[in-house]
Amino acid sequence: MATATYPPPPPYYRLYKDYLQDPKSAPAPPPPVVGTYVCFGSTYTTDDILPSLEEQGVRQLYPKGSNIDFKKELRTLNRDLLLHILELADVLVSRPSQYARRVEDISLIFKNLHHLLNSLRPHQGRATLIHILELQIQRRKQAVEDIKRRREEAQKLLKESLGAFEAQ
């Protein structure tokens with residue numbers, strides 16, 4: 001059945017068979033999940049918290065704390081990454097058997113860069129939402145101005161036609 005081109009509907013469709021005649025006959029949806037839940041064998045959580053690098057078992061290369069200068073740290077990590085990539089190229093040319101440590105260092109830098117960027121995601125989301133709302137406000141103001149302009153044009157046409165009608 002799982003490999004059929006058109007598999008039958010899931011068995012719970014019977015709960016909704018009389019929905020068209022009586023919409024209240026369908027069961028209410030389950031309440032939202034709060035906390036942890038299991039889906040396809042993996043455990044997930046509804047808490048939207050970015051775990052620290054230490055919790056992930058990764059050494060943190062930038063200073064700890066809440067007042068991090070993200071630009072400075074990202075630039076520093078980017079320079080370190082470039083340096084380590086050049087060192088890796090040098091090691092691959094001169095001592096190919098010793099590349100593993102360099103690759104681990106590059107991986108550590110990438111993980112730190114990725115974590116720093118992910119910690120900026122909430123700010124990015126807020127900024128995106130603010131931008132979208134500002135665009136909506138601007139479009140609505142333009143629509144209102146367009147309606148006012150068209151109303152004035154219509155009133156002008158009405159006055160002209162009324163004047164032409166009275167002249168006859």
Side-chain angles (χ1 to χ4, degrees), residues 1-17 19-20 23 26-143 145-146:
M1 279 198 180
T3 59
T5 306
Y6 298 105
Y12 62 82
Y13 82 95
R14 291 183 188 93
L15 299 173
Y16 301 92
K17 67 181 179 183
Y19 180 77
L20 291 177
V33 176
V34 177
T36 59
Y37 62 95
V38 178
C39 183
F40 300 113
S42 297
T43 303
Y44 297 95
T45 180
T46 57
D47 300 330
D48 195 18
I49 299 172
L50 180 66
S52 68
L53 286 170
E54 285 84 22
E55 291 174 7
Q56 299 175 23
V58 177
R59 185 168 52 100
Q60 186 169 327
L61 299 177
Y62 53 90
K64 296 176 175 78
S66 60
N67 53 354
I68 299 171
D69 184 7
F70 287 95
K71 275 186 181 179
K72 177 181 168 260
E73 297 304 329
L74 287 170
R75 281 188 186 132
T76 304
L77 286 172
N78 193 26
R79 285 189 200 111
D80 289 347
L81 178 65
L82 291 173
L83 176 67
H84 279 80
I85 288 175
L86 288 173
E87 287 178 356
L88 175 64
D90 184 46
V91 166
L92 286 174
V93 169
S94 60
R95 306 174 302 277
S97 62
Q98 298 176 0
Y99 76 95
R101 194 180 114 245
R102 303 291 182 196
V103 171
E104 288 174 13
D105 291 345
I106 290 172
S107 175
L108 178 65
I109 293 171
F110 270 123
K111 288 176 183 175
N112 276 267
L113 278 167
H114 195 255
H115 191 268
L116 266 177
L117 290 173
N118 278 340
S119 59
L120 290 172
R121 295 284 182 220
H123 174 70
Q124 179 189 17
R126 281 189 298 273
T128 303
L129 182 62
I130 289 169
H131 178 68
I132 290 171
L133 291 174
E134 286 173 347
L135 286 176
Q136 287 179 356
I137 290 170
Q138 181 182 4
R139 277 192 228 120
R140 289 178 181 167
K141 284 181 179 178
Q142 287 174 348
E145 291 299 319
D146 188 45

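Side chains included, hydrogens not; waters and symmetry mates left out as well; all remaining heavy atoms used.
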> About how many Å separate CD1 of Ile106 and NE2 of His84, when rounded to the nearest 0.5 Å?
7.5 Å
> State whether the number of non-hydrogen atoms from other residues, nucleotides or ligands found under 6.0 Å of Arg95 atom CZ is greater than 12.
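More than 12 within 6.0 Å, yes.
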> At their closest point, which heavy atom of Ile109 faces which heavy atom of Leu77, and how far apart are they?
CG2-O, 3.6 Å
> Side-chain contact test, heavy atoms from C-beta onward, threshold under 4.5 Å: evaluate it for Lys141 versus Glu145 and give yes or no.
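No, side chains not in contact.
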> Could you state the interatomic distance from CG (Leu74) to CG (Leu113), rounded to the nearest 0.5 Å?
6.0 Å
> Does CZ in Phe70 sit with more than 12 non-hydrogen atoms of other residues, nucleotides or ligands closer than 6.0 Å?
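It does: Phe70 CZ has more than 12 such atoms within range.
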> Does any part of the side chain of Leu61, heavy atoms only, come nearer than 4.5 Å to the side chain of Leu108, both counted from C-beta?
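Yes, their side chains come closer than 4.5 Å.
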> As a quick check of understanding, evaluate side-chain contact (heavy atoms from CB on, under 4.5 Å) for Gln142 and Gln138, giving each step before the final call.
CA-CA 6 Å; Gln142 287 174 348; Gln138 181 182 4; 3.8 Å; yes
> Using side-chain hydrogen bond (donor to acceptor under 3.5 Å, both in side chains), reason through Arg139 and Gln136 one step at a time and then give a plain yes or no.
CA-CA 5 Å; Arg139 277 192 228 120; Gln136 287 179 356; over 6 Å; no
> Is a side-chain N or O of Thr46 found less than 3.5 angstrom from the main chain of Gly35, in a donor-acceptor match?
yes
> So which heavy atom on Pro27 is nearest to which on Leu15, and how close?
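Shortest heavy-atom contact: CD-O, 3.8 Å.
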> With side chains defined as the heavy atoms from C-beta onward, is the minimum distance between Leu116 and Tyr62 less than 4.5 Å?
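They are in side-chain contact.
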> Answer yes or no: are there more than 12 heavy-atom neighbours, outside Tyr37 itself, under 6.0 Å from its atom OH?
yes
> Got a second to check how far Leu92's CG is from Gln98's CD, nearest 0.5 Å?
11.0 Å
> Any pair with a residue in residues 81-91 that passes salt bridge (Lys or Arg N to Asp or Glu O under 4.0 Å), sequence neighbours left out, goes on the list, sorted by first then second residue, please.
Glu87-Arg102
> Looking only at heavy atoms, which two atoms of Ala26 and Tyr19 are closest? And how far apart?
CB-CD1, 3.8 Å
> Between Glu54 and Arg59 (salt bridge meaning N to carboxylate O under 4.0 Å), is one present in this structure?
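Salt bridge between Glu54 and Arg59, a charged N being under 4.0 Å from a carboxylate O: no.
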> Hey, is the main chain of Val58 close enough, under 3.5 Å, to the side chain of Gln56 for a donor-acceptor pair?
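Not at all, since once roles are kept as given, no pair shorter than 3.5 Å links the two residues.
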> Please check if atom OH in Tyr99 has more than 12 non-hydrogen atoms from other residues, nucleotides or ligands closer than 6.0 Å.
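No.
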> Find out whether His115 and Lys111 are in side-chain contact, i.e. whether some heavy atom of one side chain is under 4.5 Å from a heavy atom of the other.
no
> Set out, in order, the CA-CA distance, both residues' side-chain angles and the distance that settles side-chain contact (heavy atoms from CB on, under 4.5 Å) for Lys71 and Asp69, then state yes or no.
CA-CA 6 Å; Lys71 275 186 181 179; Asp69 184 7; 4.1 Å; yes
> CG/Leu120 to CG/Leu50 distance, rounded to the nearest 0.5 angstrom?
10.0 Å
> Any chance you could measure Leu117, atom CG, to Gln124, atom CD, to the nearest 0.5 Å?
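Nearest 0.5 Å value for the CG-CD distance: 9.5 Å.
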> If I take atom CG from residue Asn112 and atom CG from residue Asp80, how far apart are they, to the nearest 0.5 angstrom?
10.0 Å
> Counting only heavy atoms from other residues, nucleotides and ligands, does the tally under 6.0 Å from CG of Asp146 exceed 12?
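It does: Asp146 CG has more than 12 such atoms within range.
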> side-chain hydrogen bond (donor to acceptor under 3.5 Å, both in side chains) with Glu73: which residues, sequence neighbours excluded?
none
